[in-house]
Every structure is written in C-alpha cells, then in structure tokens.
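All heavy atoms count here, side chains included; hydrogens, waters and symmetry mates do not. Chain naming here is simple, since letters A, B, ... match the order of the sequence lines and numbering starts at 1 in each.
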Amino acid sequence: MNEIAIKKDGEIIDTQTAKELGFEGEQIHLDNSPESLEVLRHSTAHLMAQAIKSLYPDAEFYVGPVVKEGFYYDFKTSAEVGEGDLKKIEKQMLSFAKKKYPIEKYEITMDEAKEKFKDDHLKLEVMKRIPSETVSIYKQGEFEDLCRGPHLPNIGLIRYFKLTKISGAYLGGDSKNEMLTRIYGIAFADKESLKAHMTQLAEAEKRDHRKLGNEMKLFTFREEVGAGFPIWLPAGGRLRARLESLLFKAHRKRGYEPVRGPEMLRSDLWKTSGHYQNYGENMYFTHIDELEFGVKPMNCVGHIKVYEDELHSYRDLPIKYFEYGVVHRHELTGALHGLFRVREFTQDDAHIFCRADQIEEQIIEVVDFVDKIMSTFEFDYKMMISTKPEKAVGDDAVWEVSTQALKNAMDKNELVYEIDEGGGAFYGPKIDIKITDAIGREWQCGTIQLDFNLPERFKLEYNGEENEKIQPVMIHRAILGSFERFIGILTEHYAGEFPMFIAPTQVAIVPVAETHKEYAKLLSDKLIDINADSEIYAKNDSLNKRIRTAEKTRVPMIVVIGDEEIKNKTVAIRDRRTREQYNLSEEEFLKLIQTKINEVNF
RNA sequence: GCCGACAUAGCUCAGUUGGCUAGAGCAGCUGAUUUGUAAUCAGCAGGCCCGGGGUUCAAAUCCUCGUGUCGGCACCA
C-alpha cells in the first residue's frame with residue numbers, strides 16, 4: 001500500500017509537501033486512522049468542489065474543511081442547488097476520480113493568488129484571512145484550489161464517500177453576511193466502513209425522541225396549536241410527574257423552598273431587570289387595560305419578589321427558592337426542534353441568594369447536585385464556562401470578578417471545563433452542562449449562573465453582623481435545564497426503554513382469559529398503592545397479541561395472570577430489561593416493584 | 001430569521017406524463033373466538049389530499065402566498 005502522507009512532529013504532511021521540502025517521517029497509509037481520514041476527507045471535499053465547478057461553472061468557493069462528522073464545502077452559484085442534486089454531484093465526483101488525476105501542489109505569492117482568483121470573491125475573502133506572503137495551490141486536472149492541504153497524492157484514491165446534507169451557511173459564520181450553499185459529506189477508506197457508518201446513522205435515527213415520543217405517545221405537536229408548543233400526552237405526563245416528584249424531594253433535602261411567581265409581570269419590572277432591553281426580542285408582551293405586561297422568559301424576577309417579601313439576616317443565607325417555572329421565549333422558527341427547542345417550556349429553576357463568601361461552596365454544591373442526577377441517568381456530560389456576551393448589563397469589572405469566581409470554584413475542586421467566550425447570560429457568566437443527543441449533537445441542559453447585576457438593579461439587601469445593609473449575590477441554576485429538553489434527551493439515551501423508576505407505566509398486566517380480569521384489577525390497585533402505574537391488557541385479542549402489544553410500548557415489566565397464578569397467588573413475570581421470564585409470589589413481586597421504584601433518589 | 005426539502009386516514013406509507021367514486025397495512029368500531037408468553041378470523045367505518053388564491057375542459061399532482069415539519073446556518077434551556 002502506498003503512503004498518502006507522513007506524520008512529522010505530530011503534524012500531517014502530504015507527500016507533495018514532503019517531497020518539496022525533503023521531509024521524512026512516519027508513513028500514513030490509506031486506512032481509517034484519524035490521520036488518514038483527515039487527508040482523505042479533505043481531498044474528497046476538493047473533489048466535490050471540482051465536480052460542482054464542472055456542473056455549475058459560475059460557482060465560487062469559500063472554505064472546505066474536515067469536521068467531526070466528515071467534511072463540507074461552502075460555495076456560491078447562481079443556480080438553485082437542492083437535495084436532489086447531490087446524486088448528480090456524487091456521480092460527477094466518481095467520474096473525475098476514475099480519471100485518477102494526480103493532485104499537484106505549487107506555491108505562489110499572495111499577489112499572484114489574488115490575480116488568479118480575481119473573479120472569485122469568496123476566495124478573495126478567504127485570502128483576506130490569511131496573513132502569510134505566499135499561498136499554496138492544489139491542482140487536479142483542470143481544477144485548482146487555494147489550500148494549505150494536506151491532500152492525497154491522487155484523486156483516484158477516493159472511492160467510498162457520500163454527500164449527506166445540503167444547507168445554507170453564512171459566510172464566515174456571521175448572519176450579517178451573505179448566505180452560501182454548504183454541502184456535507186463523509187468518506188472512508190473502504191466500502192464496509194462507509195456502509196457501517198450509514199447503518200449507524202440509521203440506528204441513531206430510531207432513537208430520535210420525536211419518533212419515539214410519537215410512537216410511545218409521550219407528547220405531540222399540532223399545526224393548529226402553533227409551532228414550538230408541545231402537548232403532553234398521558235404517558236408523557238406520567239413520566240414527567242415521576243421526574244418532578246423525585247426532583248422535588250431532592251430540592252427539599254438540600255434546603256430549597258418551593259415558590260411560584262406569576263406567568264406575566266409588568267413591563268416596568270422587565271425594564272428594571274434589563275430583560276426588556278437585552279432580551280426583549282425573545283419575549284411576548286401583552287396589555288391589560290393601559291399597562292404593558294411581559295410573559296416571563298425566566299423566573300428570576302418572580303423569585304426576587306419573593307426575596308423582597310421580608311427582611312433577611314446574614315444568618316439566614318443562603319436562601320434557596322425553587323420552582324418548576326413555565327417560561328415562554330420567542331425562538332426563531334428555524335431553531336425549533338422537537339422537545340429540544342420549544343417556545344414554551346418548564347425549567348427546574350432555582351435561585352440561591354447568598355453572601356459573597358458563600359459563592360464557592362454554593363457553586364460546588366450545585367455542581368454536585370448536577371453530578372448526582374447525571375450519574376444516576378448515566379449521562380456523559382461536559383461543563384463549559386460561558387463569559388460575557390455582546391449584549392450585557394453591568395460593569396466589566398463585576399463580570400471579571402464573577403467569571404473568575406466560577407473558574408476558581410471549578411479549579412479548586414479540580415473540575416474539568418471548557419470556555420465558551422461570549423456565551424453568558426446578559427446578567428452574568430455561567431457554567432453550562434451539556435449532554436449529547438443520539439446523533440452526536442450537544443444540548444445545553446443544566447446551567448449555573450452567577451449574578452451580581454440583578455441584586456444591584458433591584459437593590460436587594462440583607463442585614464449584616466453590624467446591622468449594615470449588604471447586597472446578596474444571586475446564583476441562578478437549573479439542573480435538568482427544562483423538562484422538555486431533558487425528557488427528550490432521556491428518551492434518546494434510553495431509546496425509549498426507560499428504567500422502572502421513571503417509566504410512564506411500570507407494569508403491563510396481561511390476564512390470560514376473561515375470568516382473570518378481576519384479579520388483574522386487584523393487582524393493579526395494589527400497584528397504585530405502592531406508587532406504580534400499570535395497564536391491563538384485557539382486550540378481545542389473543543394472548544400472544546396482547547403480549548406483543550404490551551412489549552411494543554416498551555413497558556419494563558409484563559406480568560401474565562392465569563388460573564395457575566390465581567390459585568397460587570403468584571405472577572408470571574416477563575422482564576423486558578433483562579429479557580428474562582420467571583415467577584414470583586404476589587408479595588415478592590410487589591416488593592420488587594417497590595424496591596425498583598425507590599432505589600433511585602437524587 | 002436565512003438556504004434547501006417535504007406535507008395524502010389517528011399512525012406508517014402507495015397514488016404513473018394533470019384524467020372517472022384517492023388506495024394499503026397498523027390502530028379504531030361490530031361480531032365470532034376465551035386464548036399460557038411477540039400479530040385468531042370476518043365485517044364496518046374512517047380523507048376539504050395542510051390552508052388561501054390562481055392556471056386548466058380537468059389539480060392530491062402545476063404556479064403563488066401562508067402555516068407546519070425536516071436537514072443545516074445563525075441564535076439558545
């Protein structure tokens with residue numbers, strides 16, 4: 001097998017460059033190693049550009065990098081390119097690949113490059129961002145592209161690829177700029193890997209919470225109701241209620257007090273908080289008589305009003321209020337996405353009012369709380385500290401102090417995090433908890449936000465040791481983030497196979513014949529007494545059919561009851577999670593269910 | 001919001017180049033059957049073909065404006 005590049009000092013250098021500079025190093029062969037795929041996919045992006053250029057001669061090209069899930073190329077043409085054109089482009093790519101053009105490299109000066117690509121305003125745009133004096137050009141057949149490589153020695157090596165998505169993308173990732181066309185693709189060294197990859201994508205799609213939510217009747221959306229407004233169906237309602245009650249206990253244990261603010265508040269308050277100015281475009285407003293009201297997009301103002309209801313002593317801090325707060329946000333239509341992004345959702349929101357010297361311990365307590373829940377569900381998550389955004393309230397100095405406080409808390413406890421510059425809330429920096437969905441997209445769930453600004457704007461205070469007035473610090477936090485998004489993620493995580501303690505229905509009861517229905521009902525009542533939901537499958541269908549129907553709901557446990565069971569006071573269990581069948585006495589069975597439901601506490 | 005695609009029964013989908021009363025499976029209802037661990041049989045019902053507007057002798061099919069959904073971009077729990 002021929003080498004396609006070499007690795008020198010951790011860098012991938014293609015054969016063209018290595019030859020030119022006389023470099024030697026560890027050989028990289030065409031296989032599915034990360035290094036090889038990097039080169040292969042980059043060259044596949046170029047091959048795609050070559051095909052696009054031949055099909056759409058006026059096409060101009062921006063950049064075509066390798067990304068986590070393959071590669072893409074951004075370009076612009078006067079023609080309308082749609083999904084249907086991907087096949088055509090793939091075909092053209094294959095026909096070029098068959099010609100086995102070598103990929104040649106040469107260097108020219110920046111001025112020469114500008115002259116060469118003078119008709120391609122996108123390439124000129126790319127060059128503006130390159131500081132060096134000279135640039136390299138890669139040539140394959142008639143097609144030439146400005147690129148720093150690395151590339152394969154020959155396009156004939158590209159055989160197993162697929163163009164996967166087409167979409168628009170803003171030039172330079174800035175919505176103020178023009179929109180280009182982006183085509184995504186994937187490439188592998190062999191046919192099997194490509195096939196395996198496509199199969200894996202199809203498998204992931206089966207876990208999509210939108211599909212499962214529909215199948216399992218958890219929730220729905222209706223055109224006539226409006227985009228982004230989920231409707232919770234009974235099964236989803238039960239699942240959600242279980243989460244809510246578990247979480248309620250967890251909050252009480254940690255000293256949180258349940259409170260509730262109104263759904264909408266006078267606009268003057270939103271002006272005081274800064275939401276009106278900084279978040280107004282995401283809010284819904286209405287009028288009552290002459291006064292303007294804003295429907296709450298966050299719960300903090302309500303909780304501030306709770307805090308203001310009485311005077312506080314330094315001895316009482318921290319004070320923690322929590323609420324399953326329903327919020328409304330005007331998300332852009334294109335952003336809506338199943339339960340992951342909706343316009344009305346419920347946060348498991350809380351606000352901690354504390355002294356400056358309590359910040360760190362409070363942050364860490366919340367981080368532990370988050371970890372407790374995430375590990376219960378066996379989620380891999382990552383944390384990210386988001387700093388001051390473009391639109392923000394408060395002095396830079398205050399932002400600096402609070403951002404540093406978050407970092408300190410994390411560092412002191414040796415917690416790993418990444419930085420998201422400019423990703424903070426308008427009133428303070430935050431630690432975001434991100435979870436990955438079935439197809440690898442990351443979603444922010446929990447969040448911990450440190451806020452010196454709202455206490456200042458609302459002139460909050462508590463009495464210190466010397467009876468002086470001191471301003472408290474506010475920590476905004478949500479663990480799940482929102483029930484909507486979290487349940488969406490949970491659904492994909494378990495592929496609908498929810499564990500007993502959270503499942504919409506704990507047990508499906510299948511009576512063998514009509515005469516066993518009564519006993520089934522008795523059992524069902526006993527289950528309710530131990531806080532377990534059950535469903536009786538007594539329809540006029542065959543036993544097999546009813547077991548099949550029950551199985552398809554993904555219920556964790558099915559019990560079959562017939563003469564045998566009634567006589568012996570037992571149940572025949574079919575455990576969907578362990579795929580086992582066994583018998584238990586009724587008493588043992590109820591105890592087992594009770595244990596399984598109670599084994600989880602946050 | 002932007003680029004592109006899509007919208008047919010509760011669900012999953014057929015529906016030829018525009019051409020008669022728009023089809024199927026599942027689910028639902030009625031009856032027969034009373035079942036021992038993943039689909040018993042028969043019958044019935046179910047549709048403003050997403051919504052306006054247009055082209056045409058004729059529209060589920062073509063055009064147009066909405067609405068919703070999907071894939072991305074941008075934005076964000």
Heavy-atom check, side chain of A:Glu564 versus side chain of A:Thr570, under 4.5 Å: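 Contact flag for A:Glu564/A:Thr570 side chains = no.
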Any A:Leu247 side-chain heavy atom under 4.5 Å of A:Leu480 side chain: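 With C-beta onward as the side chain, the pair touches.
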Residue-level proximity of residues 206-222 of chain A to RNA chain B when a heavy atom falls under 4.0 Å: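 Close to the strand are A:Arg210, A:Asn214.
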Interface with RNA chain B, restricted to residues 73-86 of chain A and to heavy atoms under 4.0 Å: A:Glu80, A:Val81, A:Gly82, A:Glu83
Counting only distance, no hydrogens or angles, is the base of [N] paired donor-acceptor with the side chain of [X] under 3.5 Å?
X	N	result
A:Arg329	B:C75	no
A:Arg546	B:A39	no
A:Glu281	B:G1	no

To the nearest Å, how far apart are [X] [atom1] and [N] [atom2]?
X	N	atom1	atom2	answer
A:Asp174	B:C2	CG	C1'	13 Å
A:Asp563	B:U37	CG	P	14 Å
A:His337	B:C73	NE2	P	12 Å

Ring centre gap for A:Phe188 and A:His197 strictly below 6.0 Å: yes
RNA chain B: stems of at least 3 consecutive Watson-Crick or G-U pairs whose donor-acceptor distances fall under 3.5 Å: B:1-7 with B:67-73, B:10-13 with B:23-26, B:28-32 with B:40-44, B:50-54 with B:62-66
Touch class at under 4.0 angstrom, heavy-atom based, for A:Tyr72 against every strand present: nothing
Sugar-phosphate only, base, or nothing, as touched by A:Ala572 at under 4.0 Å among non-hydrogen atoms: base
Under 5.5 Å and under 30°: A:Phe345 stacked on B:A77: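 Yes, aromatic ring over the base.
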Carboxylate-amine/guanidinium proximity below 4.0 Å for A:Lys206 and A:Glu203: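 A:Glu203 and A:Lys206: salt-bridged.
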Option from A:Ile166, A:Leu163, A:Ile183 for which side chain to side chain contact (heavy atoms under 4.5 Å, CB included) with A:Glu83 holds: A:Ile166
